[in-house]
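A, B, ... follow the sequence lines: proteins, then strands. Residue 1 opens every chain.
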Amino acid sequence: MFPTLHLRSAWRRLGVVALLAAACGAAGAGTFTTRPYSNVAPNEKARPIEAPYYGDALFHFFQDRYFTSITTLMASQHFDRVAQHADEAEILRGGMLLSYGLHKEAGEIFAKLIEKGASPAVRDRAWFYLAKIRYQRGFIAQAEDAMSRIEKNLPAALEDDRLLLQTNLLMARGDYAGAAALLEGVAQDSPIGQYARYNLGVALVKSGADQRGIELLDAIGLAPAADEEMRALRDKANLALGFTALQNARGAEARTWLERVRLNGLQANKALLGFGWAAAELKEPQLALVPWNELASRDPSDAAVLEARIALPYAYAELGAFGEAAERYNAAIAAYESEGGKLDESIAAIRAGKLLDGLIEKNPGEEMGWFWSIGELPEMPYATHLNQVLAGHEFQEAFKNYRDLRFLATNLKDWEDKLGVFGDMLDNRRQAYAQRLPQVQAKAREVNLSALQQRRDAVSGEVERAVRDEDAQAFANVKDRELLDLLAGVKDGLKSLGSDADAQRARDRARLVAGALTWRLAQEYPARVWEAQKDLKTIDTELAQARQRETAVATAQREEPVRQEQFARRIAELAQRIKALIPRVAALSKDQQQEVQELAVAELARQKSRLAEYSQQARFSVAQIYDRATAAPRKDDDAGKP
Amino acid sequence: MSFINRFHRSFASGLVLALAALHAFAQTAAPAAPAAAASAPAAAAAAAAPASAPLASTLDGRIQDVKGDVIRLNRDLLVLEEELLFPANTQVALFVSMDVGKLFSLDSVQIKLDDKIVTNYLYTPLEVQALHRGGVQRVYLGNLRAGAHELVAFFPGKGPHERDYKRGATVKFDKGTDPKYIELQIKDSSGKLQPEFDIKIWQ
């Protein structure tokens with residue numbers, strides 16, 4: 001009945017917002033909202049990305065795709081691709097693990113960062129997260145110790161979060177005065193501060209410090225609210241104040257506070273009910289009729305509405321309208337019976353699995369995630385009975401775990417299929433390798449590198465000799481060689497000729513041509529030597545490359561089968577891990593499904609028992625009215641007696 | 001009067017319930033912690049204190065365990081997948097990043113490697129927001145032989161004054177035996193009041 005604030009969920013949400021700020025070093029990024037990142041200004045990079053794969057992890061993180069972000073980040077860490085952001089990556093990973101509830105692993109990450117002497121900014125964030133983990137695990141003294149180690153290097157965006165944690169630690173110690181003093185410096189319009197003040201107010205009331213608690217809650221109840229979340233918190237504060245006053249029999253004050261609650265908000269029904277009871281407390285049942293009539297006409301799946309059904313005839317009875325009261329009581333009894341039947345149907349539907357199937361269908365989600373919340377009711381008989389259950393923190397958390405397990409089951413199934421493909425791919429590679437190997441080996445044999453080397457050496461020796469002897473003719477090209485051969489033939493031919501003038505002229509011409517050729521070869525000799533030596537270098541380079549390739553082929557022949565074998569082993573080992581995890585996840589899903597269903601059933605059973613109690617009270621009241629009705633005439637009769 | 005008192009008691013029990021809920025929350029933080037841990041060296045205590053807390057025997061504890069196991073398994077599977085399908089000596093990874101993004105609203109990106117389209121990616125508003133906030137998207141992972149290659153990227157979107165805007169950027173690069181990381185950067189040039197498209201070769 002009383003508004004309970006899911007501080008833990010708010011706190012966790014805050015935690016991840018803070019994590020975002022920490023990861024990005026964003027100034028002003030930690031402004032709390034129900035949609036965690038909507039108020040985060042774009043481009044809040046702490047420093048330029050120095051490793052694209054770190055940016056890739058952030059890309060997924062900023063889309064709330066934590067599972068992808070964390071797994072790809074861990075893969076990048078394995079390949080040493082985020083070394084430039086090593087500590088930030090660890091903070092990011094630790095924060096995401098924390099958001100999944102993996103406190104132990106997250107704690108180890110932060111502890112390691114501290115141990116290794118990370119930079120002061122990283123160290124402060126690590127101490128902060130450790131404090132948070134310890135608080136969540138119930139280690140108050142250690143959490144305080146961690147808080148005390150935080151120096152002055154926490155990003156501004158984490159300051160609110162730190163303050164909230166500090167307040168919670170003080171409240172856990174029972175130091176409400178200290179917590180209140182701490183919150184005094186927090187602005188009224190700070191959502192985190194308002195949440196903390198609300199909890200502190202309730203805690204103070206509970207501890208007996210009513211006046212201070214009431215002051216805090218009253219301030220929240222009057223504070224301007226910028227959005228629906230803050231308006232809802234304001235309603236909760238006013239409702240808390242109203243019921244506290246009602247409990248202390250201060251009807252007038254209760255009405256003042258309850259009047260502030262919005263008529264269309266989530267707390268409206270409870271406020272209307274309390275508003276009526278406050279009137280009854282003031283002995284003015286006529287003032288209760290308006291709120292209770294309004295309430296009684298609302299959706300009967302709400303407990304306050306059901307209660308109004310018997311509160312209303314009570315007011316009529318108090319006003320002396322016994323006929324109306326009896327009629328209303330009887331109508332309430334009928335409504336309770338009908339509602340009880342509906343609750344039975346709802347319970348049966350839940351046990352048949354319709355609730356979870358319907359919720360999953362109506363609220364699909366892409367990944368395992370912290371921010372996920374139930375948005376739509378499932379299609380099942382009398383789903384509105386579940387409003388209260390579904391809004392409960394315990395149910396939301398349990399359902400989130402169930403949904404996460406379903407995500408994990410799908411993830412494992414996908415990888416199982418993929419691993420099958422990888423196995424086939426590896427088999428194909430092995431087959432192709434086995435087929436191609438003989439061809440490659442045959443080609444390698446064809447290319448006799450030693451013979452080529454010998455030929456190269458012979459050519460090199462010839463070049464050296466020609467250079468040493470300055471033998472220009474050795475560098476003659478094909479055309480020159482043809483000319484030289486032609487000249488040699490001409491010279492031979494001229495020998496057989498006589499010594500007449502024509503022969504002499506011919507010999508002179510041949511000598512001239514031979515001289516011109518020798519001159520040209522001599523002229524071109526340096527260039528041709530350079531060319532030949534360059535060609536030799538090219539041959540050396542190509543031979544070296546060929547030898548490298550030969551070595552690579554030999555290495556591949558040695559290593560490829562080993563590599564393929566290693567892949568096959570890894571695939572088999574991972575397939576084994578998947579195989580072991582699938583039934584574990586399935587069994588946990590089943591257990592979790594049972595737990596979630598039982599949570600819902602337990603709530604509906606509570607509603608049923610409340611109905612039975614109301615029904616009994618209604619019957620008792622009807623009997624009282626009938627008694628009064630039958631007793632009154634007798635009194636009159638007595639009075640009329642002489 | 002007893003009737004109203006009964007009702008008040010039921011409200012009171014509601015109040016008590018609510019307070020108890022809050023109290024229970026506070027009390028989850030209250031169990032006695034090992035006193036020694038508080039005086040232990042800081043970091044050792046840091047790990048030791050929370051580490052001893054998880055209740056692996058509870059359903060919630062077992063679920064957290066399995067989540068951790070699946071996360072680690074996914075890491076190992078991603079590593080295997082990459083080593084098997086995109087070996088380091090042929091691997092090429094293309095990334096997209098966006099600086100301020102005031103002068104350009106990204107709709108999609110088309111990338112050609114050696115005149116062959118390797119990706120056509122259409123962005124969701126959430127993805128664009130993630131880029132604005134400093135995320136870097138790995139838009140393509142593939143294999144390339146060693147040697148010279150050419151990359152051409154087109155960025156259709158909305159430019160200044162909401163006008164359709166399509167710009168391209170091109171780069172020639174050599175692929176060696178190490179993985180190649182190339183980042184396509186979208187920046188605002190405040191001087192020119194125009195978006196700029198650069199390509200950065202990381203390695």
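- Under the 4.5 Å side-chain criterion, counting only non-hydrogen atoms from C-beta, B/Leu85 is in contact with A/Met425.
- At most 12 non-hydrogen atoms from other residues, nucleotides or ligands lie less than 6.0 angstrom from NZ of A/Lys112.
- Only the side chain of A/Leu419 comes within less than 4.5 Å of a heavy atom in chain B; its backbone stays farther off.
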**side chain to side chain contact (heavy atoms under 4.5 Å, CB included) between B/Val70 and A/Asn411, intermediate numbers included** = CA-CA 9 Å; B/Val70 177; A/Asn411 174 272; 3.8 Å; yes

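- For A/Leu574, the parts lying near chain B are the backbone and the side chain together; criterion is any non-hydrogen pair under 4.5 Å.
- No side-chain heavy atom of A/Met74 sits less than 4.5 Å from a side-chain heavy atom of B/Asn74.
- For the pair A/Phe62 and B/Gly135, the tightest heavy-atom approach, listed with the atom from each and the gap, is CE1-N, 3.7 Å.
- Salt bridge status for B/Glu82 with A/Arg81: present, with a side-chain N to carboxylate O gap under 4.0 Å.
- By the 4.0 Å N-to-carboxylate-O rule, A/Arg584 lies too far from B/Asp65 to be salt-bridged with it.
- Side-chain contact between A/Leu581 and B/Val66 is present, with at least one heavy-atom pair separated by less than 4.5 Å.
- Comment: A/Glu105 engages B/Arg72 in a salt bridge, judged by a side-chain N to carboxylate O separation of less than 4.0 angstrom.
- Within the 4.5 Å cutoff, side-chain heavy atoms of A/Arg429 are placed close to those of B/Leu84.
- Considering only heavy atoms from C-beta on, B/Ile71 comes within 4.5 Å of A/Leu102 through its side chain.
- A/Thr72 is listed as a side-chain neighbour of B/Leu78, based on a closest heavy-atom distance under 4.5 Å.
- Taking the side chain as every heavy atom from C-beta outward, A/Phe422 and B/Glu81 approach each other to under 4.5 Å.
- With contacts defined as side-chain heavy-atom distances shorter than 4.5 Å, the pair A/Arg570/B/Glu83 qualifies.
- Contacts of A/Phe67 with chain B are made by side-chain atoms alone, with heavy-atom separations under 4.5 Å and no backbone atom involved.
- For A/Leu412, the part sitting under 4.5 Å from any heavy atom of chain B is the side chain, from C-beta outward, and nothing else.
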